[in-house]
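Because only heavy atoms are used, hydrogens play no part in the values below, and waters and symmetry mates are left out as well, while side chains stay in.
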Amino acid sequence: MRIVRIVAAVIGWLAVAIALVGLGARSFDTTRQWVLIVGAAAPYLLAASVVAIAAMALARQKIGLAVALCVAIAGVFTQAPLFFSSDTPSLNGPEITVLQANIWVGNADADAFVRQVRDENVDVVTVNELTPEALDRLTAAGLDEALPFSFVRPDGFAHGTGIWSKYPLSDESEYDNFAMFQLSAKVTLPDGQWSWVYAFHPVPPWPT
């Protein structure tokens, strides 16, 4: 039984260390790739705190159990806001329907996509992974007729991005130093009110 407790304690402290790495990685303001990778995996690394709690309880390590509980609470405190929305502010004004679509390197069914835009009465569409060929298919399917204003930057593989709107677009911008096209534009509604729309497609920190 003593050996079981020793093994459980070792596992518990190892799990605490893993969870602490996940907790700490998100605290660094850095562009180092390996830190970004660890930070992106933080929710999974923090799950080790659950293992730590169980292991410390089995090992009857009071201090270890307290540490594991603190790490778990800190993990919940830092991660929970990512999964629950904040209070909705009180807003006035017109509503617009926005559809965002990743069309999988241009492979989406263009006719079905445009049909969805029409059926859902979509006002603004942002598209990721817009290839030149996909742009031709979307145009042929009638996307420009449903949403006559557009700002598009098609490109090969997954790099292309586009914005389509039922209402006029202005102040179109491209954002440099990204692997994919990142776009924004101002949408002006019939009553003169406007909203910014961003079509971003950032890549994960791995493999480059």
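- The structure places CZ of R153 at 10.5 Å from OG1 of T161, a figure rounded to the nearest 0.5 Å.
- For the pair M180/P202, no side-chain contact is recorded, criterion being any heavy-atom separation below 4.5 Å from C-beta on.
- With contacts defined as side-chain heavy-atom distances shorter than 4.5 Å, the pair V122/K166 does not qualify.
- For the pair T78 and L23, the tightest heavy-atom approach, listed with the atom from each and the gap, is OG1-CD1, 3.8 Å.
- Of all the heavy atoms in A57 and L65, the pair that sits closest is N-CD1, 4.3 Å.
- Residues V127 and L130 meet the side-chain proximity criterion, which asks for heavy atoms closer than 4.5 Å.
- Put simply, L143 and I103 are part of the same group of oily side chains (I, L, V, M, F, W, Y) that touch within less than 4.5 Å, one to the next.
- Sparse packing is recorded around CZ of R60, with 12 or fewer heavy atoms of other residues, nucleotides or ligands lying under 6.0 Å away.
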message = The test is side-chain contact (heavy atoms from CB on, under 4.5 Å); show your working for H201 and F181 and say whether it passes.
response = CA-CA 7 Å; H201 191 200; F181 281 106; over 6 Å; no

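- To the nearest 0.5 Å, the span separating OG1 on T131 from NE2 on H159 amounts to 12.5 Å.
- Both I18 and W34 are assigned to one and the same hydrophobic cluster, defined by single-linkage of ILVMFWY side chains at heavy-atom distances under 4.5 Å.
- How far CD1 of I11 is from CG of L58: 8.5 Å, rounded to the nearest 0.5 Å.
- Scanning for salt bridge (Lys or Arg N to Asp or Glu O under 4.0 Å) contacts around R137 gives an empty result, with sequence neighbours left out.
- The main-chain N or O of R32 is found under 3.5 Å from a side-chain atom of T30 such that the two form a donor-acceptor pair.
- V197 and V152 are assigned to two separate hydrophobic clusters, defined by single-linkage of ILVMFWY side chains at heavy-atom distances under 4.5 Å.
- Residue A52 comes nearest to A68 through the heavy atom pair CB-CB, 3.8 Å, listed as atom of the first residue, atom of the second, then distance.
- Residue pairs meeting the salt bridge (charged side-chain N to carboxylate O under 4.0 Å, His left out) criterion with at least one member in residues 178-197, sequence neighbours excluded, are D171-K186.
- Atom OH of Y175 has more than 12 neighbouring heavy atoms from other residues, nucleotides or ligands inside a 6.0 Å radius.
- With hydrogens and angles ignored, the 3.5 Å screen pairs no side-chain donor or acceptor of E129 with any backbone N or O of A158.
- For the atom pair Y167 OH and F149 CZ, the distance stands at 10.5 Å (nearest 0.5 Å).
- A heavy-atom distance below 4.5 Å is found between the side chains of L69 and I53.
- No side-chain heavy atom of D109 sits under 4.5 Å from any side-chain heavy atom of F113.
- Counting heavy atoms from C-beta outward, L99 and E120 have side chains that stay 4.5 Å or more apart.
- Once rounded to the nearest 0.5 Å, the distance linking OG of S150 with CG of D144 reads 5.5 Å.
- To the nearest 0.5 Å, atom CG of residue L46 and atom CG of residue L20 are 8.5 Å apart.
- Linking Ile, Leu, Val, Met, Phe, Trp and Tyr residues whenever their side-chain heavy atoms come within less than 4.5 Å places V35 and V21 in a single cluster.
- Side-chain contact between L183 and Y198: absent, with no pair of heavy atoms (C-beta onward) separated by less than 4.5 Å.
- Of all heavy-atom pairs between T188 and S170, the closest is OG1-OG, 4.4 Å.
- Smallest separation of non-hydrogen atoms from A19 and A48: N-CB, 4.3 Å.
- In this structure, the side chain of S165 does not engage the main chain of P168 through any donor-acceptor pair within 3.5 Å.
- The 12-atom threshold is exceeded at CG of L82, counting heavy atoms of other residues, nucleotides or ligands nearer than 6.0 Å.
- Judged by distance alone, with hydrogens and angles left aside, the side-chain atoms of N107 form a donor-acceptor pair with the main-chain N or O of W104 at under 3.5 Å.
- Under 4.0 Å is where a charged nitrogen must lie from a carboxylate oxygen, and between E145 and R118 at least one such pair does.
- For the side chain to side chain contact (heavy atoms under 4.5 Å, CB included) with V98, the qualifying choice from V125, V124, V187 is V124, the only one to do so.
- Of all heavy-atom pairs spanning A55 and A8, the tightest one is CB-O, 3.3 Å.
- The aromatic rings of W194 and W196 lie perpendicular to each other, with more than 60° between the two planes, well past the 30° mark.
- Two different hydrophobic clusters hold V71 and V51 under the rule that ILVMFWY side chains link at heavy-atom gaps under 4.5 Å.
- Under 3.5 Å, the side chains of Q182 and D176 contain no donor-acceptor pair of N or O atoms.
- Between M56 and W13 there is a side-chain heavy-atom pair separated by less than 4.5 Å.
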